[in-house]
Amino acid sequence: MSSSMERESSPLIQARKLVRGKALSQQDLQLLKEILQYTEGELGPLLDSGSRQPSPAADSPQLVRLQRSLGLFLVFLNHFSGPKPGKERVAMGQVLSHSLNELKAIAQEANAEVLQTHEEPAWVVYLLDFIASLRTMATSFGPEDSFQLLDDWAAFVQERRDSFKEMLSVLADGPGGEDRVASLNSHMKTLNRALQDADGRPIEAIHRLVDLLETFVPAETLSRVEPLLLVQHVLDTLRLVLMWPLDQGINWGALAQIRGSLTWLWNHLGWSLPRFDDRRLESMLTQDVRATLKGVRGSQPKAFRLLAHSLASHLTILGLVDPIPGAGNMSEQERYAAVPTYFVVEHELGRLAEQLGQVQALAGLPEGAEDTLLLAAFLRQAVLTLCQDQNTTYELLHEALAQGDADNLALTLDHLKSGLINHQRQLMADLVKLFSPEIRQSMFPNSPTLKDEGDQLRQRLYRLWEQLARLLPRLRGQVREKDYLRLSLTLFQAHNHVTAFRRSPEFFLIRARDRSEMDRLTAAFGRILDAQSDLEFALVSGVELVEELFAYLEDFLGRINARSPLISHDLMVAKEAFRLSQQLQESQGAAPGRIRLAKILIQSTKKLGVRDPQTLALLRRWVRSERGRHETPDPIDALSSHLERLVTRLEAAQG
């Protein structure tokens, strides 16, 4: 091979395989290559294998699922910090224990799928099951449990005697069959004597029997399933070192051993966990999108680099969240096992926010240009959204785990998933819209906007306010009349309304400060109603808490609705400024009244700078151009174009 030929990266080779046969042009392939080069850091693995050898291709869906689940769990452990006190200690112990159990179950399913795919004979399946069972016995009992181990061993042999006889007959018919059967019988007798003898060494005898049985497995079969058997064995061992015998809480000292063992296992298997699913690149790069990206690359190469970085990073988050199934149909073990993935997403949100918040993100773009200002405004909004999502994810996960309620955990996971996906699509849609509104509509036709989410939250809050407003007069009257039976029923209705809002997806749209206050009031309401010592005092206190909650809702809605007059004011000012900018564009040179028109435009447009800094930046750019007596009309064109878009946005926000 010629030394001048460029050595292409593995992601590019995979991408070429994806687009092969789709009649893509050389320009399309070059575009794809540049995106992969610019986003090498974002597309790199979350967790590398530690070896330079490429990760072996998985030929079964369950094996792919195992690689992903094990990799994400190890990433979670690498960022996990302890120790934590109290309830959180027990809750995180459940997360780790359930995660290890779920990983073992996935490994067993992958093992069965591999055997079924390659149509292994029944005696081989039994032999591998026999080996796995012996390894489990060896890790489940110590030398002091020999009597229990003897009972389990006898029950196991009795239950599987027919399969064991079939295996012996197959081994006897093979080459060297008599010697192999004799050796197996000898090891079985040795294990029986070790179990019956108080001074025997049953664990050592089990290990020797396992070593012998592995020599009976066909070489090709063993090479396929050995990694899966190793995964099951390591997970069985790690589950035992996780728990303290006294408090059943998490053994923080064992975390280092678990992390180290799984890291060794990951590197030994040579697996890797990419941040980016290359199939998403195929689905994203439709013909219209490719045309837009080519245009941006040709006219604004620096902006194209930023666009490629941002799209790849957002697709990374979506690639982590999208594959998680709905938690409502999961078992309790699966729900707790899904928690580490959300902690990985929380860490990735912080990494992405830090990356987009760097000053170097806009390096090389023309300073003061309209496109640069638009991208800067997008980055500020993106960083704010990512940080809010990161804090919300962290707080809600810890809150749900501390409660120890699997149903509430499932509800939290589902709401987090929908919220994260919606916000990532919003960010991607807003970014694409900067370059092509048509492409934004074709890529994200049904993507909810921030205004849609705000309207949903406002309507849900108003519905709760109306429900409490109808109940408060009844509550006050029942307190005056001391009708405690009806008072308890009415309070129960109020508590149901509050709890329904607390479990609604709109609750997760509230910012952290307001959400914590709402949680405090809701929790206090529940505690008061659970008080059994003084029922009358609890009911009266419950009414007082409903009034406090009602007052808080009025204040919250007032703060939300206070934005409407501001929007109307800004819309009126923006329309007038846009009209003046059009008149200035039509005027020529030192036309009569131009100076007066310019002063009026400056005074009007400055008011918009309070809530729209980009307008102020474009205004200053135009003023500098006017003072320098430049003849170019670009600054006033850019200002007028921005004012037109601002009017459109404000009209949409006003509804």
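Along the sequence shown, the residues carry numbers beginning at 1. Worth knowing before you read on, the calculation uses all heavy atoms, side chains too, and leaves out hydrogens, waters and symmetry mates.
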Considering all heavy atoms, the nearest [X]-[Y] contact:
X: Arg335; Y: Ala410; answer: NE-CB, 3.5 Å
X: Leu72; Y: Val344; answer: O-CG2, 3.5 Å
X: Ala400; Y: Leu409; answer: CB-CD1, 4.0 Å
X: Ser99; Y: Ala337; answer: OG-CA, 3.6 Å
X: Thr341; Y: Leu320; answer: CG2-O, 4.0 Å
X: Leu273; Y: Gly71; answer: CD2-C, 3.5 Å

So, [X] side chain and [Y] main chain: donor-acceptor pair closer than 3.5 Å or not?
X: Asn111; Y: Ala107; result: no
X: Glu113; Y: Gln62; result: yes
X: Asp414; Y: Ala327; result: yes
X: Arg259; Y: Leu77; result: yes
X: Tyr342; Y: Thr393; result: no

Starting at [atom1] of [X], measure out to [atom2] of [Y] and round the result to the nearest 0.5 Å.
X: Asp405; Y: Glu332; atom1: CG; atom2: CD; answer: 9.5 Å
X: Asn408; Y: Glu399; atom1: CG; atom2: CD; answer: 7.0 Å
X: Glu102; Y: Leu66; atom1: CD; atom2: CG; answer: 10.5 Å
X: Ile106; Y: Leu70; atom1: CD1; atom2: CG; answer: 9.5 Å
X: Thr263; Y: Leu74; atom1: OG1; atom2: CG; answer: 4.5 Å
X: Glu348; Y: Gln390; atom1: CD; atom2: CD; answer: 10.5 Å

Taking the side chain as everything from C-beta on, heavy atoms only, tell me whether Arg68 gets closer than 4.5 Å to Pro323. yes
Mind checking what makes side chain to side chain contact (heavy atoms under 4.5 Å, CB included) contact with His415, not counting sequence neighbours? Leu411, Pro505, Phe508
Test side-chain contact (heavy atoms from CB on, under 4.5 Å) on Leu397 and Glu346; report intermediate values, then the result. CA-CA 10 Å; Leu397 284 176; Glu346 181 261 335; 5.6 Å; no
How far apart are the C-alpha atoms of His423 and Gln388, what are their side-chain angles, what is the distance that settles it, and do they pass the side-chain contact (heavy atoms from CB on, under 4.5 Å) test? CA-CA 10 Å; His423 288 175; Gln388 288 178 350; over 6 Å; no
Derivation of the side-chain contact (heavy atoms from CB on, under 4.5 Å) call for Leu265 and Trp271: CA-CA 9 Å; Leu265 176 64; Trp271 290 349; over 6 Å; no
Quick check on the 6.0 Å ring-centre criterion: do His347 and Phe343 meet it? no
Show, in sequence, the C-alpha distance, side-chain angles and deciding distance for Val345 and Asp389, and conclude whether the side-chain contact (heavy atoms from CB on, under 4.5 Å) test is met. CA-CA 10 Å; Val345 173; Asp389 284 348; over 6 Å; no
